[in-house]
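Within every chain, numbering begins at 1; the chains are lettered A, B, ... in the order of the sequence lines, protein sequences first and strands thereafter.
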Amino acid sequence: MSLLSDLVNLNLSDTSEKVIAEYIWIGGSGMDLRSKARTLPTPVSDPQKLPQWNYDGSSTGQAPGEDSEVILYPQAIFKDPFRRGNNILVMCDAYTPAGEPIPSNKRFNAAKIFSHPEVVAEEPWYGIEQEYTLLQKGVKWPIGWPTGGYPGPQGPYYCGVGADKAFGRDIVDSHYKACIYAGVNISGINGEVMPGQWEFQVGPAVGISAGDEVWVARYILERTTEIAGVVLTFDPKPIQGDWNGAGAHTNYSTKSMRNDGGFEVIKKAIENLKLRHKEHIAAYGEGNERRLTGRHETADINTFSWGVANRGASVRVGRDTENAGKGYFEDRRPASNMDPYVVTSMIAETTILWKP
Amino acid sequence: MSLLSDLINLNLSDCTEKIIAEYTWVGGSGMDLRSKARTLSGPVSDPSKLPKWNYDGSSTGQAPGEDSEVILYPQAIFRDPFRRGNNILVMCDAYTPAGEPIPTNKRCNAAKIFSHPDVLAEEPWFGIEQEYTLLQKDVNWPIGWPLGGYPGPQGPYYCGVGVDKAFGRDIVDSHYKACLYAGINIGGINGEVMPGQWEFQVGPAVGISAGDELWVARYILERITEIAGVVLSFDPKPIQGDWNGAGAHTNYSTKSMRDDGGYEVIKKAIEKLGQRHKEHIAAYGEGNERRLTGRHETADINTFLWGVANRGASIRVGRDTEKAGNGYFEDRRPASNIDPYVVTSMIAETTILWKP
């Protein structure tokens with residue numbers, strides 16, 4: 001239907017100054033993304049200059065019908081890879097009309113932590129490895145898998161190439177370019193161990209922007225799978241049995257860790273994380289107990305362990321960090337369905353602010 | 001069929017001054033849009049400079065066979081998003097050869113009301129939220145719904161993203177850009193609560209132009225669904241049961257309402273609307289009784305009630321209007337199949353001209 005694509009691809013910059021802004025927010029479940037669009041009279045590049053908006057919170061489980069307005073505060077702007085031109089995506093968070101963050105608004109508290117002077121001084125960097133699984137529409141079985149059956153066991157699929165080893169690369173590659181176009185700091189992609197599962201990485205991003213960028217990258221991914229006719233899932237253990245789960249390993253460093261002597265700072269930080277293991281696990285994603293079993297490159301959910309180059313540990317430190325005496329570490333516990341605002345701010349809070 | 005699209009997309013400006021004008025009018029049912037095209041010798045941007053035309057009213061239920069000519073008076077020009085170049089869409093209304101508006105011509109009376117000095121002085125603004133449902137061709141069942149069955153219950157679809165939550169976005173997004181290209185004041189779009197249902201907003205538009213713009217936006221939408229092979233429905237309650245209906249909420253303000261002290265003017269206006277509830281309801285769309293049940297974010301059709309931020313009321317005043325002490329209000333009673341000429345002029349008449 002090229003006539004339809006002629007219209008979808010109309011470049012309005014030729015005829016109008018007007019710009020379309022797609023406002024994005026997180027719905028009542030904490031994982032459902034929502035968005036709607038509005039016309040602005042001219043291009044905008046500063047989120048502070050965008051108007052606040054509102055939506056029907058009673059339709060997203062975030063407000064009662066008799067008092068349904070929830071206010072959207074624009075927080076970050078990205079270029080819209082779908083509408084292109086001067087059109088934009090706007091990541092927002094949600095407030096009551098009185099100006100209080102609604103309960104599902106996790107960004108607000110994260111922003112507070114990230115603006116604490118001690119945290120600001122440490123310039124926390126994040127690199128998040130977002131894994132996800134693609135499922136066939138209707139049957140909700142992974143793409144490329146035979147209906148009612150299973151593919152050959154894991155082995156050939158990690159970073160694999162070929163029609164029998166890589167399922168859905170067109171989605172992954174479109175997403176990669178779309179994110180770069182949008183201005184999301186996407187650093188790479190790879191095919192994962194379970195067939196039909198993929199990973200992209202966002203970062204390094206500083207403080208609150210890590211959360212903004214992961215959420216917008218997730219939004220772009222869900223719009224892309226919508227176009228492709230495929231279901232996107234962030235479930236941490238989509239298929240039971242000898243199949244890998246999906247995580248959101250969070251790589252982390254502070255200024256002190258990146259400087260000389262950083263390895264000692266890293267070890268102290270990991271010690272803090274160990275003491276708060278239960279609290280972190282509780283915030284690291286629903287259903288994570290199905291994934292963190294101690295098998296399939298995970299550490300058991302009740303155990304905290306760390307090690308250099310150890311993919312079976314809760315926290316892994318890279319050999320290059322050990323050799324250099326400074327660098328970063330990888331928290332492998334977060335599930336694919338974690339809220340990056342929660343996880344990033346909690347890691348910063350525990351390692352910088354919290355005293356045992 | 002790239003050869004066909006090469007032809008459709010021919011840019012005639014290279015070889016001729018001639019343009020094509022698509023004359024659009026409302027047919028005998030009051031909801032069926034009709035159009036036909038003619039060649040003009042050069043570009044035209046002023047409707048009063050366009051020639052009047054005529055059509056066979058006996059084929060649209062608007063004239064008898066022995067005296068079938070109905071005259072089209074051009075009223076508004078928009079750029080043609082399908083033919084592009086200098087080609088235009090022309091919104092018309094219909095008259096007898098003697099110059100009388102035919103019975104289905106609702107624009108004529110609306111234009112009279114909007115040119116009344118008291119109404120002109122109040123500069124009435126309208127923002128209309130047009131909801132509509134997309135149906136699979138032939139079976140007339142909503143797109144994305146399984147044949148012979150139902151999707152999961154309402155909840156995930158409002159502003160939803162993803163192949164299992166948003167059905168038909170390419171139509172909606174083409175329509176958005178096509179309308180902006182055409183010069184329609186389209187304010188935004190969003191996915192609605194019932195899957196397969198969407199909404200676009202036209203406005204703010206002043207006086208009679210609200211009706212012109214909404215009708216042309218509807219025309220562009222029906223041309224786009226025609227391209228996409230999908231059926232467009234403005235039925236106010238397309239599916240019985242626990243599924244939302246489709247409305248055309250009409251947001252409204254006058255100069256007095258927008259000025260300081262406007263909130264009192266708003267309350268008086270709502271008071272008058274309450275006294276003429278039955279008359280308005282009779283003009284607010286066929287079949288509205290199936291939609292205005294008191295459930296699914298509507299107020300019962302026999303009840304008139306208003307409230308701030310209350311989506312279960314007949315009239316809703318936004319929290320920002322309440323806070324600022326001036327602004328606008330939303331009449332939530334009109335069904336998706338209203339005639340915007342009738343509704344907008346009636347609201348203006350009741351609130352500005354009518355004395356209780």
Has [X] got a side-chain atom pairing as donor or acceptor with [Y]'s backbone, closer than 3.5 angstrom?
X        : Y        : answer
A:Trp25  : A:Tyr73  : no
A:Glu222 : A:Thr233 : no
B:Thr321 : B:Val317 : no

Once you measure the plane-to-plane angle for B:Tyr263 and B:Trp306, does it fall in the parallel (<30°), tilted (30-60°) or perpendicular (>60°) bin?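 Judged by the thresholds at 30° and 60°, the geometry between B:Tyr263 and B:Trp306 is perpendicular.
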
Hey, which of [options] has the most heavy atom pairs under 4.5 Å with chain B?
options                               : answer
A:Thr39, A:Leu232, A:Asp14, A:Ile227  : A:Thr39
A:Asn9, A:Thr225, A:Val230            : A:Val230
A:Arg223, A:Lys137, A:Lys140, A:Glu22 : A:Arg223

What residues of residues 51-64 of chain A make heavy-atom contacts with chain B at a cutoff under 4.5 angstrom?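 Within residues 51-64 of chain A, the residues under 4.5 Å from chain B are A:Asn54, A:Tyr55, A:Asp56, A:Ser58, A:Ser59, A:Thr60.
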
Against chain B, label A:Asp32 side chain, backbone, both or neither, depending on which of its atoms sit under 4.5 Å from a heavy atom there.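 No part of it gets close to chain B.
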
Heavy-atom cut-off 4.5 Å, strictly under: side chain, backbone, both or neither for A:Leu10 against chain B?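 When you check distances to chain B, atoms from both the backbone and side chain of A:Leu10 fall under 4.5 Å.
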
When you check the gap from the basic side-chain N to the acidic O, do [X] and [Y] get nearer than 4.0 Å?
X        : Y        : result
A:Asp93  : A:Lys106 : no
B:Arg83  : B:Glu22  : yes
B:Arg295 : B:Asp242 : yes
A:Glu69  : B:Arg316 : yes

Using non-hydrogen atoms only, which part of [X] is less than 4.5 Å away from chain A: side chain, backbone, both, or neither?
X        : answer
B:Tyr176 : side chain
B:Ile8   : side chain
B:Val161 : both

Which residue out of [options] racks up the most heavy-atom pairs below 4.5 Å with chain A?
options                                : value
B:Asn190, B:Asp173, B:Ile186           : B:Asp173
B:Gly160, B:Pro156, B:Gly307           : B:Pro156
B:Cys159, B:Gly191, B:Ala178, B:Ala313 : B:Cys159
B:His175, B:Glu297, B:Arg169           : B:Arg169
B:Gly183, B:Gly188, B:Gly187           : B:Gly187

Check whether NZ of the Lys or CZ of the Arg B:Arg79 lies under 6.0 Å from the centre of the six-membered ring of B:Tyr181 and within 45 degrees of that ring's axis.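 The answer is yes; both the distance and angle limits are met.
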
Does B:Trp145 have its ring centroid less than 6.0 Å away from the ring centroid of B:Trp243?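 Ring centroids of B:Trp145 and B:Trp243 are less than 6.0 Å from each other.
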
Measure the shortest side-chain to side-chain distance between B:Pro142 and B:Leu135 over non-hydrogen atoms and say whether it is less than 4.5 angstrom.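 B:Pro142 vs B:Leu135: side chains touch.
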
Checking side-chain contact (heavy atoms from CB on, under 4.5 Å) between A:Leu89 and each of A:Ile77, A:Ile20, A:Ile24, which is the one that passes?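 Only one of A:Ile77, A:Ile20, A:Ile24 forms a side-chain contact (heavy atoms from CB on, under 4.5 Å) with A:Leu89, namely A:Ile24.
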
